[in-house]
Amino acid sequence: MVQKVEKVYEGKAKILYTTDDPDLVIQYFKDDATAFNAAKKGTVGQKGIMNNKISTKIFEFLASKGIPNHFEKHLSDREMLVKKVEIVGVEVIIRNRAAGSLCRLLGVEEGRKIDTPILEFCYKRDDLGDPLINEGHIQMLGIATPEEVATIKKYTLAINDLMGKFFDNLGLELIDFKLEFGRYKGEIILADEISPDTCRLWEKGTGKKLDKDRFRHDLGNIAEAYQEVLDRVST
Ligand code: ADP
Ligand code: UDP
């Protein structure tokens with residue numbers, strides 16, 4: 001049994017702890033919620049527990065489909081044991097319908113179908129507001145090699161196909177989501193979390209939002225929406 005050693009990082013939604021195994025860390029999922037580059041803050045009851053469970057299901061599913069990821073074990077309600085990676089400093093976003101910042105950027109209406117999914121990179125720099133960047137910027141800043149970027153793009157497109165079908169079977173449409181990747185023993189693997197905090201999910205047929213947009217835009221019933229996603233992925 002791996003032992004928790006010390007807290008090494010506290011972020012907006014999770015805390016990281018080292019363990020007695022140098023290759024493994026524990027992610028602790030909090031109930032804290034932030035939006036709009038942390039301009040809006042709050043808490044959502046039981047969110048950490050639900051996100052830990054939902055992420056576990058998705059990482060297990062993706063691993064079964066050959067996508068390497070950091071998931072090792074669901075340790076407790078709020079704790080997940082993961083491989084310790086060196087995070088690649090970009091957030092990778094993929095979009096199947098327009099929402100959120102894409103609507104603001106391009107002045108398009110929410111919900112517009114995107115036939116060829118759009119892949120975006122955002123520089124992980126809270127002080128700059130996580131700006132949208134391209135592969136030229138990634139090279140200039142030395143964030144990742146061209147080979148690593150190619151691997152990240154290949155995995156992201158494959159994950160979008162897999163997760164799109166996975167949620168479609170559960171009656172949910174995957175609108176967009178954010179991924180983070182890391183380096184582990186020389187390889188790129190998927191890291192962080194995949195949950196209603198990091199994905200937009202709309203109920204098929206009704207278009208009901210079952211994700212963090214309920215918090216962002218004060219739509220109410222936030223915890224209920226996360227629970228609905230958890231119930232569906234648990235079937
Ligand atoms: P933020 O840092 O944006 O506030 P979180 O609260 O989710 O976000 O904090 C979790 C942090 O842990 C993130 O910075 C994320 O990049 C990092 N992380 C995720 N998975 C791993 C991992 N397997 N190894 C090391 N760091 C990780
Ligand atoms: N996203 C995320 N973390 C971020 C930024 C975005 O998980 O720091 C997710 C977000 O939940 C959505 C997708 O990435 O599923 C696209 O987000 P968008 O760029 O539209 O940003 P937003 O409008 O949420 O600020």
Side-chain angles (χ1 to χ4, degrees), residues 5-19 21-29 34-39 55 58-59 62-63 66-72 80-96 99-102 104-106 114 116-163 176-195 197-200 212:
V5 176
E6 62 173 339
K7 179 167 154 176
V8 279
Y9 176 81
E10 176 152 8
K12 298 184 286 291
K14 298 190 289 301
I15 303 173
L16 293 186
Y17 295 91
T18 53
T19 68
D21 182 335
D23 288 333
L24 301 175
V25 289
I26 293 171
Q27 294 198 112
Y28 176 97
F29 288 73
T34 63
F36 310 117
N37 200 27
S55 286
I58 297 176
F59 283 137
L62 291 175
I67 306 288
N69 70 66
H70 71 165
F71 178 79
E72 285 283 320
M80 178 191 286
L81 185 66
V82 297
K83 295 182 177 74
K84 180 185 180 185
V85 303
E86 179 198 345
I87 288 284
V88 175
V90 286
E91 297 194 335
V92 187
I93 291 172
I94 190 152
R95 303 178 184 274
N96 301 301
S101 69
L102 185 74
R104 299 194 291 275
L105 183 74
L106 302 180
I114 303 169
T116 304
I118 296 174
L119 196 151
E120 297 172 354
F121 297 104
C122 291
Y123 186 21
K124 259 174 78 70
R125 276 284 297 267
D126 284 341
D127 57 328
L128 300 177
D130 293 347
L132 188 62
I133 57 172
N134 66 28
E135 292 177 46
H137 299 113
I138 292 177
Q139 297 318 312
M140 181 193 126
L141 294 167
I143 293 172
T145 65
E147 293 73 31
E148 287 176 329
V149 172
T151 304
I152 287 171
K153 286 166 68 174
K154 180 187 77 179
Y155 285 151
T156 301
L157 291 168
I159 293 166
N160 189 43
D161 283 346
L162 290 165
M163 278 184 26
D176 61 27
F177 59 99
K178 183 267 302 182
L179 300 175
E180 293 187 30
F181 291 88
R183 300 179 186 93
Y184 182 77
K185 302 189 180 204
E187 301 293 328
I188 291 287
I189 65 170
L190 177 65
D192 203 56
E193 68 175 286
I194 301 181
S195 71
D197 270 8
T198 65
C199 304
R200 285 193 172 91
K212 200 163 98 172

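Classification of the H70-F59 ring pair by plane angle, with boundaries at 30° and 60°, yields perpendicular.
Here the CG atom belonging to L16 is positioned 10.0 Å from the CD atom belonging to E10, to the nearest 0.5 angstrom. To the nearest 0.5 Å, the span separating CZ on F29 from CD1 on I15 amounts to 11.5 Å. In this structure, I152 CD1 and F121 CZ are separated by 6.5 Å, a value rounded to the nearest 0.5 Å. Distance check: I114 CD1 to R95 CZ gives 7.0 Å after rounding to the nearest 0.5 Å. To the nearest 0.5 Å, atom NZ of residue K12 and atom CG of residue N37 are 7.0 Å apart. Separation of atoms OG1 (T116) and CG (N96) is listed at 10.5 Å; rounding is to 0.5 Å.
Annotation: K84, atom NZ; neighbour count of heavy atoms from other residues, nucleotides and ligands within 6.0 Å does not exceed 12.
Contacts of T18 classified as side-chain contact (heavy atoms from CB on, under 4.5 Å), with partners at least two apart in sequence or in another chain: V5, E6, V8. Y28 is linked by a ring pair (Phe, Tyr, Trp, His ring centres under 6.0 Å) to nothing, counting only residues two or more places apart in sequence or in another chain.
Between V25 and Y9, the closest side-chain pair of non-hydrogen atoms is not below 4.5 Å. Looking at F181 and V85, their side chains never come closer than 4.5 Å, going by heavy atoms from C-beta outward. Counting only heavy atoms from C-beta outward, the side chains of F71 and S55 never approach each other to under 4.5 Å. For the pair L62/I58, a side-chain contact is recorded, criterion being any heavy-atom separation below 4.5 Å from C-beta on. A heavy-atom distance below 4.5 Å is not found between the side chains of P131 and H137. Counting only heavy atoms from C-beta outward, the side chains of P146 and Q139 approach each other to under 4.5 Å.
Listed for the K212 side chain is a donor-acceptor partner under 3.5 Å among the backbone atoms of T34.
Between I143 and R183, the closest heavy-atom pair is O-NH2, 2.9 Å. Between C199 and M163 the shortest heavy-atom distance is SG-CE, 4.1 Å. P68 approaches G66 most closely through the heavy-atom pair CD-O, 3.4 Å. The shortest heavy-atom contact between E72 and L24 is CG-CD2, 3.7 Å.
Between I159 and the choices V92, N69, I67, I94, the side chain to side chain contact (heavy atoms under 4.5 Å, CB included) rule is met once, by I67. Of the residues listed (D130, L128, L132), the one engaging Y123 in a side chain to side chain contact (heavy atoms under 4.5 Å, CB included) is L128, and it is the only one.
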Atom pairs and distances, side-chain donor-acceptor, residues 185-195, under 3.5 Å, sequence neighbours left out:
| unit_1 | atom_1 | unit_2 | atom_2 | d |
| --- | --- | --- | --- | --- |
| K185 | NZ | D23 | OD2 | 3.1 |
| D192 | OD1 | K14 | NZ | 3.0 |
| D192 | OD2 | K178 | NZ | 3.1 |
| E193 | OE1 | S195 | OG | 2.7 |
| E193 | OE2 | K14 | NZ | 2.8 |
| S195 | OG | N51 | ND2 | 3.4 |
| S195 | OG | D197 | N | 3.1 |

Run the side-chain contact (heavy atoms from CB on, under 4.5 Å) test on I93 and L102 for me, step by step, so that the C-alpha distance in whole Å, both residues' side-chain angles and the decisive distance to 0.1 Å come before the verdict. CA-CA 11 Å; I93 291 172; L102 185 74; over 6 Å; no
